[in-house]
Amino acid sequence: MSVKTALRVIEIIETYARERRALPLSELARLLGVPVSSCLALIRTLSDLGYLYETGRRQGYYPTGRLLAMAQRIARADPVLDRVYASLLELRDATQETVVFGKLGSDGRVVYLDVLDSPHTIRYAPVAGEFRDLHANSLGKALLSVLEPDARHALLARRPLVRHNERTLVTPEAVDADLELSRRRGWFMNLGESIPDVCAIAWPVTLSGEVYAISVGGPVYRIEPQQQEYARILRAACTALEQRG
């Protein structure tokens, strides 16, 4: 029951992030797909703890600033992001494109640990905490590249190689060939293989024995012509991070 309750709390937070408005109890219960009575118990608890407040009688509930304050306090103490944030910021400012920092998750997908948004109106806009398939993601390819062939193939076999579109690599042999090309070229690329018209380049970085990867992404028409220059800047940033330990 405690695991289910924890999941419901996260679903409430994500519902507010998606809806971005005060929600009456009945509507929140409907969006969550739970009985009103169960939803009421959660709302009362979160309100008592200062995470939600009632915007007006029968007008609905909305998160207070306490949630943001706690999240910021947690983020400021992240031992890994604290080490890489300045470099990610420099990389974002140098390219003016979205920069993503990620690693291999326990379920065999890439998990985005941090995202620095491009200042452009038209941009790649993922969110920290999202997961992506290894075979159709530049970070995923960079992370796969550091594995021995047997370990790489075992990891790819854990999940189906979903075809997102006609560009997606859907066999281990195709992934291997792409990785070999990428090593010789000097960067790993996702050219519209998961999201049409979005391109990203990535490179792995090892920090305290753990492998991560950093990517620069945006619209194909902006990234593709600059891929060689962005790759140079990206590799330099990764090298500098590794040298600092």
_Salt bridge present between Glu130 and Arg132 (N-O < 4.0 angstrom)_ = yes
*Expected output: side-chain Thr95 to main-chain Tyr230 donor-acceptor under 3.5 Å*: no
*Is there a side-chain contact between Tyr112 and Val127, using heavy atoms and a 4.5 Å cut-off?*
no
_Pair Arg152 + Asp176: basic N to acidic O under 4.0 Å_ = yes
*Heavy-atom side-chain proximity of Val110 to Leu104 below 4.5 angstrom*: no
*asked:* I'd like to know if Leu143 and Val162 are part of one continuous hydrophobic network [Ile/Leu/Val/Met/Phe/Trp/Tyr, side-chain heavy atoms within less than 4.5 Å].
replied: no
*Less than 4.0 Å between a side-chain N and a carboxylate O, is that true for Lys141 and Glu193?*
yes
*For the pair Glu180 and Arg184, evaluate salt bridge (charged side-chain N to carboxylate O under 4.0 Å, His left out) and give the outcome as yes or no after the intermediate values.*
CA-CA 6 Å; Glu180 180 58 31; Arg184 295 198 305 267; 3.5 Å; yes
_CG on Leu113 to CG on Leu81, rounded to 0.5 Å_ = 6.0 Å
*When clusters are formed by joining ILVMFWY residues with side-chain heavy atoms under 4.5 Å apart, either directly or through shared neighbours, do Val146 and Phe188 land in the same one?*
yes
*Once you round to the nearest 0.5 Å, how far does CD of Gln227 lie from CH2 of Trp187?*
5.0 Å
*Expected output: side-chain Glu97 to main-chain Gly218 donor-acceptor under 3.5 Å*: no
*Tell me, with the steps shown, if Val205 and Glu242 meet side-chain contact (heavy atoms from CB on, under 4.5 Å).*
CA-CA 7 Å; Val205 57; Glu242 291 179 335; 3.6 Å; yes
*Separation between OG of Ser38 and CG of Leu32, rounded to the nearest 0.5 Å*: 10.5 Å
*So, does Thr171 use its side chain to make a donor-acceptor pair with the main chain of Ala174 at under 3.5 Å?*
yes
*In the single-linkage hydrophobic clustering (I, L, V, M, F, W, Y; side-chain heavy atoms under 4.5 Å), do Tyr51 and Leu68 co-cluster?*
no
*Are Leu191 and Tyr221 joined in one hydrophobic group, where the rule is that I, L, V, M, F, W and Y side chains link up if heavy atoms are under 4.5 Å apart?*
no
*asked:* Once rounded to the nearest 0.5 Å, what's the spacing between atom CD of Glu11 and atom NZ of Lys4?
replied: 10.0 Å
_In the structure I gave you, are the side-chain heavy atoms of Ile214 and Val100 within less than 4.5 Å of one another anywhere?_
no
*Residues Gln228, Arg232; criterion side-chain contact (heavy atoms from CB on, under 4.5 Å); working and verdict*: CA-CA 6 Å; Gln228 189 167 353; Arg232 182 189 65 78; over 6 Å; no
*May I ask you to test the Leu91-Leu116 pair for a side-chain heavy-atom distance under 4.5 Å?*
no
_Exercise: do Ser208 and Arg83 side chains pair donor with acceptor under 3.5 Å_ = yes
*Minimal non-hydrogen separation, Asn190 against Asn137, with atom names*: ND2-CA, 3.9 Å
*Quick one: do Leu181 and Val175 end up in the same hydrophobic cluster if we chain Ile, Leu, Val, Met, Phe, Trp and Tyr together by side-chain heavy atoms under 4.5 Å apart?*
no
*Ion pair present between Arg21 and Glu27, side-chain N to carboxylate O less than 4.0 angstrom?*
yes
*Considering all heavy atoms of both residues, which atom of Pro204 and which atom of Ser145 are nearest to each other, and what is their separation?*
CG-OG, 4.2 Å
*Measure from the side-chain N and O atoms of Thr55 to the backbone N and O of Ala22, and report whether any donor-acceptor pair falls under 3.5 Å.*
no
*Does Tyr61 offer a backbone N or O that forms a donor-acceptor pair with the side chain of Tyr16 under 3.5 Å?*
yes
_I want to check something: taking the side chain as every heavy atom from C-beta on, are Pro219 and His120 in contact at a cut-off of under 4.5 Å?_
no
*How about Gln59 and Glu54: do any of their side-chain heavy atoms sit closer than 4.5 Å?*
no
_If we ignore hydrogens and angles and just use 3.5 Å, is the side chain of Arg159 paired with the main-chain N or O of Asp133 as donor and acceptor?_
no
_Between Arg244 and Ser87, does the side-chain hydrogen bond (donor to acceptor under 3.5 Å, both in side chains) criterion hold? Intermediate values first, please._
CA-CA 11 Å; Arg244 288 201 293 268; Ser87 296; 2.8 Å; yes
*Among Leu25, Val34, Thr45, find the residue that satisfies the side chain to side chain contact (heavy atoms under 4.5 Å, CB included) test when tested with Leu40.*
Leu25
*Do you know the tightest heavy-atom contact between Met189 and Asp178?*
O-OD2, 4.4 Å
*Leu161/Leu169 under side-chain contact (heavy atoms from CB on, under 4.5 Å): CA gap, chis, key distance, verdict*: CA-CA 8 Å; Leu161 303 187; Leu169 307 177; over 6 Å; no
*Between Tyr124 and Asp197, do the side chains contain an N or O donor and an N or O acceptor separated by less than 3.5 Å?*
no
*Please name the pair of heavy atoms, one in Val115 and one in Pro126, separated by the smallest distance, quoted to 0.1 Å.*
CG1-O, 3.7 Å
*What distance separates Arg18 CZ from Glu14 CD, expressed to the nearest 0.5 Å?*
8.0 Å
*Partners of Glu210 by side-chain hydrogen bond (donor to acceptor under 3.5 Å, both in side chains), sequence neighbours excluded?*
Lys103
*Does the side-chain hydrogen bond (donor to acceptor under 3.5 Å, both in side chains) test come out yes or no for Arg185 and Ser182, once each step is laid out?*
CA-CA 5 Å; Arg185 180 178 57 197; Ser182 299; 3.0 Å; yes
_Donor on one side chain, acceptor on other, Arg44 and Ser47, under 3.5 Å_ = no
*State, to 0.1 Å, how close Arg167 and Asn165 come at their nearest heavy-atom pair, and which atoms those are.*
N-OD1, 2.8 Å
*Would you say the side-chain atoms of Ser118 pair up with the backbone N or O of Arg123, donor to acceptor, closer than 3.5 Å?*
no
*OG1-CD1 distance between Thr5 and Ile10, expressed to the nearest 0.5 angstrom*: 12.0 Å
*Please work out which of the three classes, parallel, tilted or perpendicular, describes the rings of Phe101 and Tyr212, given edges at 30° and 60°.*
parallel
*Criterion side-chain contact (heavy atoms from CB on, under 4.5 Å) on Val84 and Leu88, from CA distance to verdict*: CA-CA 6 Å; Val84 303; Leu88 299 180; 3.8 Å; yes
_Nearest non-hydrogen partners of Leu241 and Leu207, listed with the distance_ = O-CD2, 3.9 Å
_Asp150 atom CG, over 12 foreign heavy atoms within 6.0 Å_ = no
*Give the ring-plane orientation class for His135 versus His164, where under 30° counts as parallel, over 60° as perpendicular and anything between as tilted.*
parallel
*asked:* Is it the case that the side chain of Thr168 and the backbone of Val170 share a donor-acceptor pair, with hydrogens and angles ignored and the cut-off at 3.5 Å?
replied: no
*Below 4.5 Å, heavy atoms only, C-beta onward: do Leu31 and Leu23 meet side chain to side chain?*
yes
*Could you tell me whether the side chain of Leu42 reaches within less than 4.5 Å of the side chain of Val9, counting heavy atoms only?*
yes
